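Only this structure's heavy atoms are used, side chains among them; waters, hydrogens and symmetry mates stay out. As the structure is a prediction and not an experimental result, all values here were calculated from the model. Read the numbers this way: they start at 1 and go in the same order the structure lists the ligands and their atoms.
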Amino acid sequence: MKVIPELCDICGTCVAVCPVDAITVSEFRVDIDNEICINCLNCLKVCPAKAIEEGE
Ligand code: SF4
Ligand code: SF4
């Protein structure tokens with residue numbers, strides 16, 4: 001999973017729905033740790049800005 005920084009408005013919605021806490025949010029950016037991510041797609045579904053996309 002990856003966050004498209006240009007679209008993300010750092011609302012924090014994705015962080016709340018991640019079951020494994022793979023998403024970290026700072027003042028300036030949101031990051032997904034793909035070592036932890038289990039590809040549940042919760043974040044992608046809830047992102048109001050469509051700023052998360054599925055990687056390979
Ligand atoms: S796909 Fe699921 S596990 Fe991976 S970052 Fe998004 S919410 Fe978390
Ligand atoms: S839900 Fe989308 S817009 Fe909000 S912080 Fe996550 S990636 Fe960014």
Side-chain angles (χ1 to χ4, degrees):
M1 310 300 297
K2 72 176 181 195
V3 178
I4 303 159
E6 293 79 13
L7 297 180
C8 174
D9 58 11
I10 316 182
C11 67
T13 305
C14 56
V15 180
V17 299
C18 180
V20 292
D21 292 332
I23 308 175
T24 52
V25 58
S26 75
E27 194 177 342
F28 304 109
R29 61 175 294 140
V30 171
D31 282 299
I32 296 177
D33 185 340
N34 284 293
E35 299 288 321
I36 301 173
C37 172
I38 56 170
N39 295 315
C40 71
L41 306 184
N42 281 358
C43 56
L44 182 149
K45 289 177 198 155
V46 300
C47 177
K50 305 247 187 294
I52 299 178
E53 63 183 18
E54 214 177 343
E56 67 282 356

Roughly how far, to the nearest 0.5 Å, is the SG atom of C47 from the CD atom of E53? 11.0 Å

Atoms in ligand 2 with a heavy atom of V30 nearer than 4.0 Å: 5 (S)

Closer than 4.0 Å to some heavy atom of C11 - which atoms of ligand 2 meet that? 1 (S), 3 (S), 4 (Fe), 5 (S)

Among all residues two or more places apart in sequence or in another chain, which pass the side chain to side chain donor-acceptor pair (under 3.5 Å) test with D31? R29

Numbering the atoms of ligand 1 from 1, which are under 4.0 Å from a heavy atom of I32? 5 (S)

Are V30 and V46 co-members of a hydrophobic cluster defined by side-chain heavy atoms under 4.5 Å apart? no

Could you report the tightest heavy-atom contact between I23 and C14, atom names first, then the distance? CD1-O, 3.5 Å

What are the atoms of ligand 1, with element, lying closer than 4.0 Å to any heavy atom of I23? 5 (S)

How close do I52 and V3 get, counting heavy atoms only, and between which atoms? CG1-CG2, 4.3 Å

To check you understand the geometry: which heavy-atom pair defines the closest contact between V25 and I10, and what is its length? CG2-CG2, 3.4 Å

Can you list the ligand 2 atoms lying under 4.0 Å from a non-hydrogen atom of C47? 1 (S), 2 (Fe), 3 (S), 7 (S)

Protein residue, atom and distance nearest to atom 6 (Fe) of ligand 2, heavy-atom basis: C14 SG, 2.3 Å

Heavy-atom distances under 4.0 Å are what count here, so tell me which part of I52 touches ligand 2: side chain, backbone, both or neither. side chain

Proximal candidate to atom 8 (Fe) of ligand 2 [heavy atom criterion; set C8, A16, A51]: C8

Closest approach of A22 and C18, non-hydrogen atoms and distance? N-SG, 3.2 Å

Here the atoms of ligand 2 under 4.0 Å from any heavy atom belonging to T13 are 1 (S)

Ligand 2 atoms nearer than 4.0 angstrom to some heavy atom of P48 are 1 (S)

May I ask you to identify, for V15, whether its side chain, its backbone, both or neither come under 4.0 Å of ligand 2 on a heavy-atom basis? neither

Would you name the heavy atoms of M1 and I32 that are closest together and state the gap between them? CB-CD1, 3.7 Å

Quick one: name the protein N/O/S atoms under 2.8 Å from atom 2 (Fe) of ligand 1, chain by chain. C40 SG

Heavy atom of the protein closest to atom 3 (S) of ligand 2 (residue, atom name, distance): D9 OD1, 3.2 Å

